[in-house]
Amino acid sequence: MSDYNFAYLDEPTKRMIRRAILKGLAIPGYQVPFASREMPMPYGWGTGGVQVTAATLTPSDTLKVIDQGADDTTNAVSIRRFFQRVAGVATTERTAEATVIQTRHRVPETPLSADQILVYQVPIPEPLRFLEPSEVETRKMHALEEYGLMHVKLYEDIARHGEIATSYAYPVQVAGRYVMDPSPIPKFDNPKLESPAIQLFGAGREQRIYALPPYTRAASLDFEDHPFDPSRADHPCALCGATDSYLDEVIVDDEGGRMFVCSDTDYCAGRRAAGHRGTEVAA
Amino acid sequence: MQAVSGGFQDAPEEAAVAFRAAMSALARPGRIERVAGAAPPAPLSVAAGVLLLTLCDADTPLHLAGGVDTEAVRAWVGFHTGAPLVGRGRAAFALGRWEALLPLDSYPCGTPEYPDRSATLIVEMERLAPEGMQLEGPGIEARAELGLPERAAFRQNHARFPLGLDFFFTCGERLAALPRSTRVL
């Protein structure tokens with residue numbers, strides 16, 4: 001612990017990130033530029049989320065880190081160990097016990113409470129980026145609240161596929177103003193964006209921080225005749241039998257065999273501990 | 001009061017705890033948080049001192065408005081934060097009593113492309129209570145209530161959203177906040 005400043009970053013850097021977080025909370029959905037630092041892990045491994053977490057953690061926090069819903073994948077384990085070492089905070093895999101949760105591409109199934117903070121790792125913060133490559137132009141589009149291009153994109157989905165085919169990083173309009181990329185969470189998780197918890201988004205390589213204060217409206221973009229549908233694979237979890245969770249499809253052999261299991265490992269383990277069983281587990 | 005005393009004893013941990021209180025207040029307008037760790041010279045409150053120590057440094061021009069612009073405060077702010085003291089037109093933070101901070105249109109309120117380039121005002125209050133004006137908006141489940149110095153200025157500020165100023169209110173060891181996104185009813 002004594003080898004590092006608390007939570008790794010130096011104090012001026014944390015102040016700069018903290019000021020950006022406050023502006024992000026004051027202007028929900030707006031991407032605040034910040035001077036992202038080199039972190040001891042490559043871009044694409046959650047450096048934005050790590051910096052936001054470092055600026056947010058206090059010594060009494062309990063940290064949970066998930067990668068696609070799982071606590072036990074490489075990215076999650078290494079970030080959790082990083083903060084154990086440089087901040088000395090307690091860690092957990094239980095959603096309900098955590099005060100700060102850093103996530104890559106999922107929102108936990110267990111509903112978050114007002115005492116929790118969810119930090120998202122964001123690869124591309126700009127929802128309009130793949131429609132308009134110029135930062136000057138997208139910034140102007142946000143300033144003018146000019147989001148027609150996004151609706152055209154969703155409309156083209158419908159024209160081509162008969163439905164809105166965007167299934168992750170599904171854009172939301174925050175508090176009736178800014179269109180925001182909720183990071184590549186499945187659209188199944190979009191309804192959970194309206195939450196009692198504080199939600200912070202950090203994009204390290206792209207140097208942006210944005211935020212959703214508690215209970216902020218985050219409306220998934222749609223059309224009256226094609227309302228938003230947070231779709232889900234039509235199976236129960238093979239391990240715990242849950243019918244309300246987001247599922248991963250797992251290939252189990254070379255003959256096309258597959259099973260569907262909860263992406264949220266803590267949720268699935270908690271249900272199994274409570275006695276729920278799926279088809280793959282003998283009772 | 002020496003300029004060199006009255007700062008955080010353990011800056012990394014105390015600043016982290018103080019920031020969480022400030023963030024919680026700003027994310028939940030109307031909520032009153034308690035902070036500690038600063039002992040700034042009079043007439044500054046503990047909470048105002050904590051906010052300065054937590055958020056201000058050489059990168060944040062600070063405006064001291066009216067009665068807080070004393071030799072002792074300047075020396076304390078200079079030693080502990082290094083924030084350059086500037087006029088209101090260039091301020092990233094401004095500190096003072098409500099009457100001294102007015103008029104609000106003299107502070108940077110951001111640009112349409114960069115609404116974050118706007119000032120945050122730290123308003124020293126006689127009293128801070130969760131009663132008075134009704135608040136609605138992001139961070140508030142249904143309604144919140146907070147005693148504000150007035151109504152019209154905050155309505156005007158909200159009407160310019162996403163441009164605008166953000167406010168912290170400080171009184172003794174307590175603070176609350178009102179971001180530009182909040183509607184004052």
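In what follows, every heavy atom counts, from backbone to side chain, and hydrogens, waters and symmetry copies are set aside. Just so you know, these numbers come straight off a predicted model, no measurement behind them. Chain letters run A, B, ... following the sequence lines, proteins first and then strands; every chain starts at 1.
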Exercise for the section: Identify which of B/Gly164, B/Cys56, B/Ala11 forms the greatest number of heavy-atom pairs closer than 4.5 Å to chain A. Expected result: B/Cys56

Completion exercise
Honestly, the part of B/Ile140 sitting under 4.5 Å from a heavy atom of chain A is backbone

Problem - Salt bridge present between B/Arg20 and A/Asp61 (N-O < 4.0 angstrom) - result: yes

Fill in the blank from the handout: Looking only at B/Glu141, B/Met23, B/Arg117, most heavy-atom pairs under 4.5 Å shared with chain A are made by B/Glu141

Problem - Largest heavy-atom contact set with chain A, pairs under 4.5 Å, which of B/Pro162, B/Ser181, B/Pro112 - result: B/Pro162

Practice task
Output yes when A/Lys14 and A/Glu11 qualify as a salt bridge under the 4.0 Å nitrogen-oxygen rule, no when they do not.
Solution key: yes

Practice task
Check whether A/Ile17 gets within reach of chain B through its side chain, its backbone, both or neither, counting any heavy atom under 4.5 Å.
Solution key: neither

Problem - Leading residue by heavy atom contact count with chain B [cutoff under 4.5 Å; candidates A/Ile117, A/Leu212, A/Leu9] - result: A/Ile117

Problem - Between A/Thr62 and A/Glu97: side-chain donor-acceptor atoms closer than 3.5 Å - result: no

Exercise for the section: Under 4.5 Å, counting heavy-atom pairs only, tell me which of B/Ala142, B/Pro12, B/Ala177, B/Ser24 racks up the most with chain A. Expected result: B/Pro12

Problem - Donor-acceptor side-chain pairing of A/Glu132 and A/Thr138 below 3.5 angstrom - result: no

Exercise for the section: Under 4.5 Å heavy-atom distance to chain B, tell me which part of A/Ala114 shows up: side chain, backbone, both or neither. Expected result: both

Exercise for the section: Please state whether the side chain, the backbone, both or neither of B/Leu165 comes within less than 4.5 Å of a heavy atom of chain A. Expected result: neither

Practice task
Taking atom types as modelled, find out whether A/Arg80 and A/Thr91 have a side-chain donor-acceptor pair closer than 3.5 angstrom.
Solution key: no

Problem - B/Asp166 (side chain) donor-acceptor with B/Arg180 (main chain) under 3.5 angstrom - result: yes

Exercise for the section: Name the region of B/Leu55, side chain, backbone, both or neither, that has any atom closer than 4.5 Å to a heavy atom of chain A. Expected result: both

Exercise for the section: Check whether the side chains of A/His105 and A/Tyr120 place a donor and an acceptor atom closer than 3.5 Å, and report yes or no. Expected result: no

Practice task
Answer yes or no: is there a donor N or O on one side and an acceptor on the other, between the side chain of A/Gln121 and the main chain of A/Pro123, under 3.5 Å?
Solution key: no

Exercise for the section: Give, as side chain, backbone, both or neither, the part of B/Phe167 having an atom under 4.5 angstrom from any heavy atom of chain A. Expected result: neither

Problem - Any residue of residues 172-180 of chain A which, by heavy atoms, sits under 4.5 Å from chain B - result: A/Ala175, A/Arg177, A/Tyr178

Handout entry: salt_bridge(B/Arg160, B/Asp105) N-O dist < 4.0 Å
Key = no

Handout entry: Salt bridge B/Arg31-B/Glu33, side-chain N to carboxylate O under 4.0 Å
Key = yes

Practice task
Give a yes or no on this: more than 12 heavy atoms of other residues, nucleotides or ligands lie within 6.0 Å of atom CZ of A/Arg129.
Solution key: yes

Exercise for the section: Could you have a look at B/Ala92, B/Pro179, B/Gly110, B/Ala15 and say which one has the most heavy-atom pairs with chain A under 4.5 angstrom? Expected result: B/Ala15

Problem - Axial cation check for A/Phe201 ring with A/Arg208, 6.0 Å and 45° limits - result: no

Completion exercise
When the 4.5 angstrom heavy-atom criterion is applied to B/Phe168 and chain A, the contacting part is side chain

Exercise for the section: Check whether B/Phe161 gets within reach of chain A through its side chain, its backbone, both or neither, counting any heavy atom under 4.5 Å. Expected result: side chain

Exercise for the section: Would you mind checking which part of B/Thr120 comes under 4.5 Å of any heavy atom in chain A, side chain (CB onward), backbone (N, CA, C, O), both or neither? Expected result: both

Problem - Engaged part of A/Leu57 at the chain B interface, taking heavy atoms whose separation is under 4.5 Å - result: backbone

Fill in the blank from the handout: Taken in chain and number order and not counting sequence neighbours, the residues that satisfy side chain to side chain donor-acceptor pair (under 3.5 Å) with B/Thr182 are none

Handout entry: Segment of A/Ile27 engaging chain B (4.5 angstrom heavy-atom cut-off)
Key = both

